[in-house]
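On a predicted model such as this, the values are computed, not experimentally measured, just so you know. When a ligand or atom number is given, it counts from 1 through the structure's own listing order.
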Amino acid sequence: MQRLQDRVAVITGAGSGIGLATAHRFAQEGARVVCADIDETAGAKAAAEVGGLFVRADVTSEDDVARMYRTAFDTYGSVDVAFNNAGISPPDDDSILETGIDAWRRVQEVNLTSVYLCCKHVIPYMQRQGKGSIVNTASFVAVMGSATSQISYTASKGGVLAMSRELGVQFAREGIRVNALCPGPVNTPLLQELFAKDPERAQRRLVHIPIGRFAEASEIAAAVAFLASDDASFITGSEFLVDGGISGAYVTPL
Ligand SMILES: NC(=O)c1ccc[n+]([C@@H]2O[C@H](COP(=O)([O-])OP(=O)(O)OC[C@H]3O[C@@H](n4cnc5c(N)ncnc54)[C@H](O)[C@@H]3O)[C@@H](O)[C@H]2O)c1
């Protein structure tokens, strides 16, 4: 499929995981991909792999975010797709009783303030073009509670979800679609390592997933490519769950 032929797509956090898988998927579908990351080595490698452009950007910096879209526009002539995906889940973000204000604030900055900055700076390009698709990465924890809390992470993703919905409504008649992607747990190297050491911890989570496994990053990337493309032309303001059925489940299959 070449649904993104000649579209210019900017991906934050493109150096790893979901962002990297999406960079590959976007390129396969014909997009010109701008790979943004704070990690220069990983970001530059991703850009080289997909024949795209690397921009070093810290998504918590307004100057970096503005420069990222300006570079994309100056290089390729438009900004058609923004995948605002960079995010962190550090170990010191835990139960509310344990999580200090510094950890709380850092997660809010990287996960939520960054999405505010990215949307604020990309929307004017899309307004001038009269079209655009924004996909903001939230999480299934934006719609479900967990006894294994990461309190700032959860609150940040709830914020991403609500902000995306509002922007989707506000800009709908200007041809700009804004959706919140809500992935379930993804089979990343970090998660593999954690759960290999502690199978009980993995099982406690797997029992809630009707499909019976974690997602592959490529499965999340496929959903992002759909939302970015004109196949999703009537989808905006959505909470787009790609969660293996977790959020719909009560009793799961044995
Ligand atoms: N992995 C999961 O199970 C899962 C589930 C639901 C949602 N998510 C969300 O998906 C997104 C991507 O997750 P992932 O698992 O692919 O993560 P990852 O850690 O594999 O990749 C995140 C990338 O973001 C970059 N990054 C971090 N801080 C940055 C900053 N300040 N500026 C620019 N880049 C920065 C990192 O360098 C890294 O390359 C995150 O928003 C995460 O919260 C992940």
Considering only heavy atoms of [X], which atoms of ligand 1 have at least one such atom less than 4.0 Å away?
X    : value
G17  : 16 (O), 20 (O)
S139 : 6 (C), 7 (C)
P185 : 3 (O)
V186 : 1 (N), 2 (C), 3 (O)
I18  : 10 (O), 16 (O), 44 (C)
D58  : 30 (C), 31 (N), 32 (N)

Nearest neighbour in protein (non-hydrogen) for [atom]:
atom                    : answer
atom 20 (O) of ligand 1 : S16 OG, 2.6 Å
atom 6 (C) of ligand 1  : P183 O, 3.4 Å
atom 27 (C) of ligand 1 : I88 CG2, 4.0 Å
atom 32 (N) of ligand 1 : V59 N, 3.0 Å
atom 24 (O) of ligand 1 : G13 CA, 3.3 Å
atom 12 (C) of ligand 1 : N85 OD1, 3.4 Å

Let's go through T12 and C118 carefully: what are the C-alpha distance in whole Å and the side-chain angles of both, what is the deciding distance for side-chain contact (heavy atoms from CB on, under 4.5 Å) to 0.1 Å, and is it a yes or a no? CA-CA 9 Å; T12 67; C118 287; 4.2 Å; yes
R173 charged N/C atom sitting above F171 aromatic ring, 6.0 Å / 45°: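 Judged by the rule, R173 and F171 form no cation-pi pair.
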Over all atoms of both residues, closest heavy-atom pair of [X] and [Y]:
X    : Y    : value
A217 : G17  : CB-O, 3.9 Å
L53  : Y76  : CB-OH, 3.7 Å
L206 : R213 : CD2-CA, 3.6 Å
T236 : G168 : OG1-CA, 3.6 Å

Part of [X] with heavy atoms under 4.0 Å of ligand 1, whether side chain, backbone, both or neither:
X    : result
F214 : neither
A57  : backbone
A42  : neither

Less than 4.5 Å apart, side chain to side chain, heavy atoms only: is that true for I176 and S133?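 No, their side chains stay 4.5 Å or more apart.
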Does any donor atom in the side chain of [X] or [Y] lie under 3.5 Å from an acceptor atom in the other side chain?
X    : Y    : answer
S152 : Q108 : yes
N187 : E216 : yes
S164 : N136 : yes

Discussion item. Please determine whether side-chain contact (heavy atoms from CB on, under 4.5 Å) holds for the pair R204 and T148, giving the CA-CA distance in whole Å, both sets of side-chain angles, and the decisive distance to 0.1 Å.
Written reply: CA-CA 10 Å; R204 187 168 180 199; T148 53; 3.7 Å; yes
Work out whether the distance between some heavy atom of [X] and some atom of ligand 1 is less than 4.0 Å.
X    : result
G184 : yes
T188 : yes
A138 : yes
F140 : no

Would [X] count as being in polar contact with ligand 1, using the rule that some N or O on each side must be under 3.5 angstrom apart?
X    : value
Y153 : yes
D39  : no
K157 : yes

Thinking salt bridges, do [X] and [Y] make one under a 4.0 Å N-O criterion?
X   : Y    : value
D92 : R106 : yes
D80 : K131 : yes
K45 : E49  : yes

Non-hydrogen protein atom less than 4.0 angstrom from atom 17 (O) of ligand 1:
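Answer no: nothing from the protein, no heavy atom, is under 4.0 Å.
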Option whose closest heavy atom lies nearest to [atom], chosen from [options]:
atom                    : options              : value
atom 22 (C) of ligand 1 : A215, G87, S61, G15  : G87
atom 26 (N) of ligand 1 : V160, T137, I38      : I38
atom 38 (C) of ligand 1 : D37, L191, V110, I11 : D37

Worksheet item: Is there any salt bridge (Lys or Arg N to Asp or Glu O under 4.0 Å) pair reaching into residues 2-16, and which pairs are they, with sequence neighbours excluded?
Response: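 Qualifying pairs, neighbours excluded: R3-E29, R3-D231, D6-R32, R7-D230.
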